[in-house]
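So the structure is just underneath, and the comments pick up after that.
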Amino acid sequence: MIILLDENIPMAEHYFSEFVQSGVDGKAQGELRFKAGREICAEDVTDVDALIVRSVSQVNEALLANSPVRFVGSCTIGMDHIDTEYLDKRGIAYANAPACNANSVVEYVFAALSHLGCDWQGKRLGIIGMGNVGSALYRRASELGVECCGFDPLIEQDRYPVLCSLDEVLSCDIVSMHAPLSHSGPAPSYQMIGEAEIAQLRSGSVLLNCGRGDCLDNRALLDRLKSKADLFTVLDVWQDEPNIHADLLPFVNIATPHIAGYSYDGKVKGTQMIAGSLAEHLGQTLTAGKSIVEQVQAISDVKGATAFEALQQLIPHCYDIKADDSRLRAAMKENPNGFAREFDRLRKHYPKRREFFHFRLANDVLLPEKEKQRLEHSLAALGFSQ
Ligand SMILES: NC(=O)C1=CN([C@@H]2O[C@H](COP(=O)(O)OP(=O)(O)OC[C@H]3O[C@@H](n4cnc5c(N)ncnc54)[C@H](O)[C@@H]3O)[C@@H](O)[C@H]2O)C=CC1
Ligand SMILES: O=C(O)C(=O)[C@H](O)COP(=O)(O)O
């Protein structure tokens, strides 16, 4: 079997080699091939049986019309790059990796708020899209005592009493976008947050987009930020990636190159899930074992006069979102004519980022009793090891 994979798939050999194992004569019965996701084209798949991609490869008729591909796997949550209608028509099996990096995105949101100095206690959080990511964010924020509500037109309210109108979400102190991209259907999300919705955002509120760039009208956002810089904005996803809008970047408080879901744990889980789906498609059982070494790292020397200040010190030890932001700005400054290349380069060479459960606070922070309790509770709610 010949498998073509996006080169940006960690542990790909570990999980996919068994599909091209040696035959009786010692020769491999197939091949794993790797290519940059954005460059995968029709000529690459003329003899390929399975195609394993990430979000940057457009999988559609133009790519697959003359190929024998029977299985497409995307090691991502999002599926907007896959023309499932076409694959259904051709009888090509496909799979994505639901929730693989949902925890990574949730941690990104808290890292961003912490970096902005936005103490979530007493704030209202509005979530757009209450799927795996949105509901995980909802659960975690609720445990932290944050008042939350969510907008999701595709879920029945009876199933989820926290659901509310988009207007209500937009009136919150923190608005976090986690909708998938869609252009049609009952609730198209393409530019669902446009000029009118942006105008509804309260002065001093925080807007985060960690879903898809096209759900937010970047031009309208820039207009608002230019006329009144009264919002805090966190953009992980952008319109027209990787050609992000250069003029928007300076107005955004935290800017990252679509890496909210890039924890190593989340990415490897995506690889493993898709290898499992391919095995299932082939009627096999995946034999590759777990590839990640679980280790808890102790963090000490954390200080602060409040629980939030202590968290502000602790979180960057685990995930330093400011470093992601600085790398993006520095790369764009150094190479103003090569934004797209820099965006992709940062994604390809993304440092290994472990999720919060790999860390534990090792020192006693000198805090008043009430703050101490809040810190302990917050550490557990955020998923740190004890
Ligand atoms: N920035 C990043 O690195 C990452 C981004 N994502 C994006 O986040 C999206 C959401 O991920 P999950 O929650 O795991 O997906 P999911 O499929 O579990 O849930 C998506 C939810 O959004 C809702 N929805 C659909 N259209 C909507 C609309 N117009 N307005 C509000 N809600 C709408 C759906 O009903 C569903 O409940 C993915 O589709 C992907 O595009 C996911 C992972 C990482
Ligand atoms: O899982 C998703 O959906 C995402 O947005 C991915 O984390 C994005 O990563 P790439 O697929 O673009 O590497």
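Because only heavy atoms are used, hydrogens play no part in the values below, and waters and symmetry mates are left out as well, while side chains stay in. Just follow the structure's listing: the first ligand is 1, and inside any ligand the first atom is 1.
Contacts of Thr76 with ligand 1, taken as heavy-atom pairs under 4.0 Å, are absent altogether. Contact annotation: for Tyr262 versus ligand 1, there are no heavy atoms closer than 4.0 Å.
Which parts of ligand 1 touch Val237 is read off a 4.0 Å heavy-atom cut-off, strictly below it: atoms 1 (N). Heavy-atom contacts of Arg212 reach the following atoms of ligand 2: 2 (C), 3 (O), 4 (C), 5 (O) (cutoff under 4.0 Å). The His258 neighbourhood of ligand 1 comprises atoms 1 (N), 2 (C), 3 (O), with distances under 4.0 Å to a heavy atom of that residue. Atoms of ligand 2 found under 4.0 Å from any heavy atom of Gly78, numbered from 1 in the order shown, are 1 (O), 2 (C), 3 (O). Taking every heavy atom of Ile155 and a limit of under 4.0 angstrom, the matching atoms of ligand 1 come to 37 (O).
Between Ser182 and ligand 1, no N or O atom pair is found at a separation short of 3.5 Å. For ligand 1, the polar-atom distance check finds an N/O of Arg212 within less than 3.5 Å of one of the ligand's N/O atoms.
Between the side chains of Asp236 and Thr256, at least one donor-acceptor pair of N or O atoms lies under 3.5 Å.
When His81, His258, Glu241, Lys267 are checked for heavy-atom proximity to atom 6 (C) of ligand 2, His258 turns out nearest. The option from Gly211, Gly261, Ser55 that lies nearest to atom 11 (O) of ligand 2, judged by heavy atoms, is Ser55.
Taking every heavy atom of both residues into account, Arg124 and Glu168 meet most closely at NH2-O, 4.0 Å.
A heavy-atom distance below 4.5 Å is not found between the side chains of Ser205 and Val175.
Under the 30°/60° scheme for interplanar angles, the aromatic rings of Phe71 and His281 are found to be tilted.
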